[in-house]
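What follows is a single structure, written as structure tokens, with notes after it.
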Amino acid sequence: MIKKIEHIGIASKNIDESLTVFDKLLGRSTYKTEKVASEGVKTHFYKVGESKIELLEATSEKSPISNFISKKGEGMHHLALYVDNIYTELERLNSLGFEAIGEVKKGADNKLICFLHPKTTSGVLIELCQEQFE
Ligand code: ZN
């Protein structure tokens, strides 16, 4: 079941500038920075109530974030929905015609994640995420 908006991901072209902007905008600093090597990104998280804002910085030219920025420019990249069971939820969504991009994998912030293709979600890249219990 989908529980809440976990975070909103924002692609940043210049992370130092974006951090300065969001520190000012939100009146706080990030509480966590984490590299996700498999995705070629470094993530910077702000807590905003029950949700988070994730600034995404590309760490390589081949990063999906580099691709996104070269096509669409910086800005909103994805909407992450928190689910209690990512496998059950993916099965439900697949049966309704939504298309997953790849398999469930380990993402930032100790989460299992999977993306849904924007062509099946009104143009919005959706990330499903679930807490990963060791
Ligand atoms: Zn995310």
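Numbering of ligands and ligand atoms starts at 1, following listing order. When a residue number appears, it is its place in the shown sequence, counting from 1. Computed from a predicted structure; not experimentally measured. Hydrogens, waters and symmetry mates are skipped; everything else that's a heavy atom, side chains included, is used.
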Original post:
Among all residues two or more places apart in sequence or in another chain, which pass the side chain to side chain contact (heavy atoms under 4.5 Å, CB included) test with K119?
Top reply: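 K119 satisfies side chain to side chain contact (heavy atoms under 4.5 Å, CB included) with E99, H117 only.
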Original post:
How many protein N, O or S atoms are found at a distance of less than 2.8 Å from the Zn ion (ligand 1)?
Top reply: 4
Subject >> Cationic tip of K3 above Y82 ring, under 6.0 Å, 45° of axis >> reply: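 Not flagged: K3 not positioned over aromatic ring of Y82.
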**OP:** Measure the shortest side-chain to side-chain distance between C114 and V104 over non-hydrogen atoms and say whether it is less than 4.5 angstrom.
**Re:** yes
Original post:
By ring pair (Phe, Tyr, Trp, His ring centres under 6.0 Å), which residues pair with H77, not counting sequence neighbours?
Top reply: F68
Original post:
Should the pair F45 and H7 be assigned to parallel (<30°), tilted (30 to 60°) or perpendicular (>60°) ring geometry?
Top reply: perpendicular
**OP:** Can you tell me which residue pairs pass the salt bridge (charged side-chain N to carboxylate O under 4.0 Å, His left out) test with a partner in residues 15-27, sequence neighbours excluded?
**Re:** none
